[in-house]
2 protein chains.
Amino acid sequence: MYTQGVNTSERLIEATRELLWERGYVGTSPKAILRQAGAGQGSMYHHFTGKPDLALAAIRRTAAEMRATAEADLGRPDTAYERISAYLLRERDALRGCPVGRLTMDPDVIASDELRAPVDETLDWLRERLEEIVEEGRERGEFSASLIPSETAALIVATVQGGYVLARASSSPAAFDAGVRGLLALLAPQECAGPAGSAAG
Amino acid sequence: MYTQGVNTSERLIEATRELLWERGYVGTSPKAILRQAGAGQGSMYHHFTGKPDLALAAIRRTAAEMRATAEADLGRPDTAYERISAYLLRERDALRGCPVGRLTMDPDVIASDELRAPVDETLDWLRERLEEIVEEGRERGEFSASLIPSETAALIVATVQGGYVLARASSSPAAFDAGVRGLLALLAPQECAGPAGSAAG
DNA sequence: GTCTATATAGAGATAGAC
DNA sequence: GTCTATCTCTATATAGAC
């Protein structure tokens with residue numbers, strides 16, 4: 001059986017994705033979703049058991065999309081530094097923030113293991129993927145052998161997530177870019193960092 | 001005229017601070033504040049014009065407290081690296097997140113220049129304070145001369161803010177600590193980082 | 001499947017007694 | 001200054017018509 005155009009269930013999920021990104025879970029009402037989707041009350045409760053169920057479908061899709069977007073940069077045939085750099089410098093609307101990461105500040109999402117799971121899994125996947133790449137770069141001599149891949153990976157993800165916080169606080173993407181450049185400068189393959197720690201004078 | 005114990009206005013502000021930290025602005029209702037403060041409806045609207053006004057008082061106080069806490073580590077008589085390290089390694093409840101930074105994910109806070117102002121000013125102050133310290137460390141030879149202080153400062157703040165995101169996503173403070181260690185490893189005064197970027201396998 | 005009532009609770013604020 | 005009504009609007013969900 002065919003569905004002409006986009007069906008209601010689909011529109012509900014997409015509307016929820018947009019509103020969750022913009023206003024979070026607590027700040028998004030079923031009524032707002034229905035308005036955005038152009039659907040009536042009954043449709044939502046026909047396709048989903050309620051707000052949490054619909055939100056879960058929306059979050060899962062957003063999480064999958066985020067992994068695919070990241071992999072597009074991280075999976076390129078290039079050096080580790082170039083792939084990490086491509087991921088960090090990718091065009092972003094920093095003021096919108098991360099549609100997955102922002103959910104960690106939502107009390108109702110964090111209180112529900114089911115809603116939190118896709119958020120956790122996605123950020124965890126990203127960390128592990130970056131860890132592989134850092135390890136690879138270390139073996140190839142791009143990075144210092146003293147780098148700990150798992151910690152470096154956590155740093156990279158944190159820089160992005162925290163960059164969104166700075167951008168939104170200042171209403172400007174500049175701070176996001178600054179943090180990313182600061183990280184890339186420290187990660188950049190370098191000959192010698194300068195004089196040893198001569199703290200005197 | 002004396003006020004015995006803590007007055008109602010004070011209790012309202014403290015209750016609001018706790019709830020804003022825990023549930024954000026959108027997720028905090030006046031009713032919840034009154035319950036937490038042990039006050040009636042009338043008290044709140046006597047001392048404040050409404051929810052935004054009370055939230056503003058709470059946010060300002062939290063912001064001031066955050067600056068003081070950071071300065072306690074950053075203002076120590078020590079090397080730049082030690083002060084930054086002390087700030088990053090300070091004991092934190094990473095799962096609670098940053099009471100100031102979390103507000104950047106609150107749509108109603110971001111939509112209001114008045115509510116956003118103390119958030120912006122605080123994170124901006126922190127970045128500038130760290131910038132001074134990085135610059136100082138660079139002049140003293142602790143850090144590479146190629147480091148750009150403003151970008152490094154943005155990175156440090158982003159690492160902390162993003163670390164909270166990772167910790168909350170995974171319900172564990174471990175990821176926060178990992179990111180911080182990853183950053184400190186890259187910042188650590190070092191003699192030579194290893195071989196130059198020989199990317200060929 | 002989708003719609004329009006309808007129901008119950010809570011958000012946010014006001015009025016006026018004490 | 002603080003309290004308890006009270007008010008209007010919205011959140012979330014259900015019922016039942018079409």
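Reminder, nothing fancy here: chain letters follow the sequence lines and each chain counts from 1. In this text, all values refer to a predicted model and were calculated from it rather than measured experimentally.
- Every side chain to side chain contact (heavy atoms under 4.5 Å, CB included) that B:Pro149 has, sequence neighbours left out, goes to B:Glu131, B:Val134, B:Glu135, B:Arg138.
- By the side chain to side chain contact (heavy atoms under 4.5 Å, CB included) test, B:Asp93 is found to be paired with B:Leu95, B:Arg96, residues two or more places apart in sequence or in another chain being considered.
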Using a 3.5 Å cut-off and no angle test, enumerate the donor-acceptor pairs between side-chain atoms of residues 26-34 of chain B and protein atoms at least two apart in sequence or in another chain.
| from | atom 1 | to | atom 2 | distance (Å) |
| --- | --- | --- | --- | --- |
| B:Thr28 | OG1 | B:Leu19 | O | 3.2 |
| B:Thr28 | OG1 | B:Gly24 | O | 2.6 |
| B:Ser29 | OG | B:Ala32 | N | 3.1 |

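- Between B:Ile33 atom CD1 and C:dG10 atom P there is a gap of 16 Å when expressed in whole angstrom units.
- For A:Phe176, the ring pair (Phe, Tyr, Trp, His ring centres under 6.0 Å) partners at least two apart in sequence or on another chain are A:Tyr164.
- Considering only side-chain atoms of B:His46, the nucleotide from C:dC3, D:dT2, D:dC3 that sits closest is D:dT2.
- For A:Ala174, the side chain to side chain contact (heavy atoms under 4.5 Å, CB included) partners two or more places apart in sequence, or in a different chain, are A:Ser172.
- For residues 95-122 of chain B, no pair satisfies ring pair (Phe, Tyr, Trp, His ring centres under 6.0 Å), with sequence neighbours left out.
- When the C1' atom of C:dA13 is taken as reference, atom CG of B:Leu34 falls 11 Å away, rounded to whole Å.
- Of the residues in residues 9-18 of chain A, not one comes within less than 4.0 Å of DNA chain D through any heavy atom.
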Output a table of donor-acceptor pairs, distance under 3.5 Å, between side-chain atoms of residues 63-78 of chain A and any protein atom two or more places apart or on a different chain; print 'none' if there are none.
| from | atom 1 | to | atom 2 | distance (Å) |
| --- | --- | --- | --- | --- |
| A:Glu65 | OE2 | A:Arg17 | NH2 | 3.2 |
| A:Arg67 | NH1 | A:Thr122 | OG1 | 2.9 |
| A:Thr69 | OG1 | A:Glu65 | O | 2.9 |
| A:Glu71 | OE1 | A:Arg129 | NE | 2.8 |
| A:Glu71 | OE2 | A:Arg129 | NH2 | 3.1 |

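- Residue B:Leu54 contributes atom CG, which lies 14 Å from atom C1' of C:dA13 at whole-angstrom precision.
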Show the distances under 3.5 angstrom between N or O atoms of the protein and N or O atoms of nucleotides 11-14 of chain D.
| from | atom 1 | to | atom 2 | distance (Å) |
| --- | --- | --- | --- | --- |
| D:dA11 | OP1 | A:Ser29 | OG | 3.0 |
| D:dT12 | OP1 | A:Lys51 | NZ | 3.1 |
| D:dA13 | OP2 | A:Tyr45 | OH | 3.0 |
| D:dA13 | OP2 | A:Lys51 | N | 3.3 |
| D:dA13 | N7 | A:Gln41 | NE2 | 3.4 |
| D:dA13 | N6 | A:Gln41 | NE2 | 2.4 |

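- At least one test fails for B:Lys51 against the ring of B:Tyr45: distance under 6.0 Å to the centre or angle within 45° of the axis.
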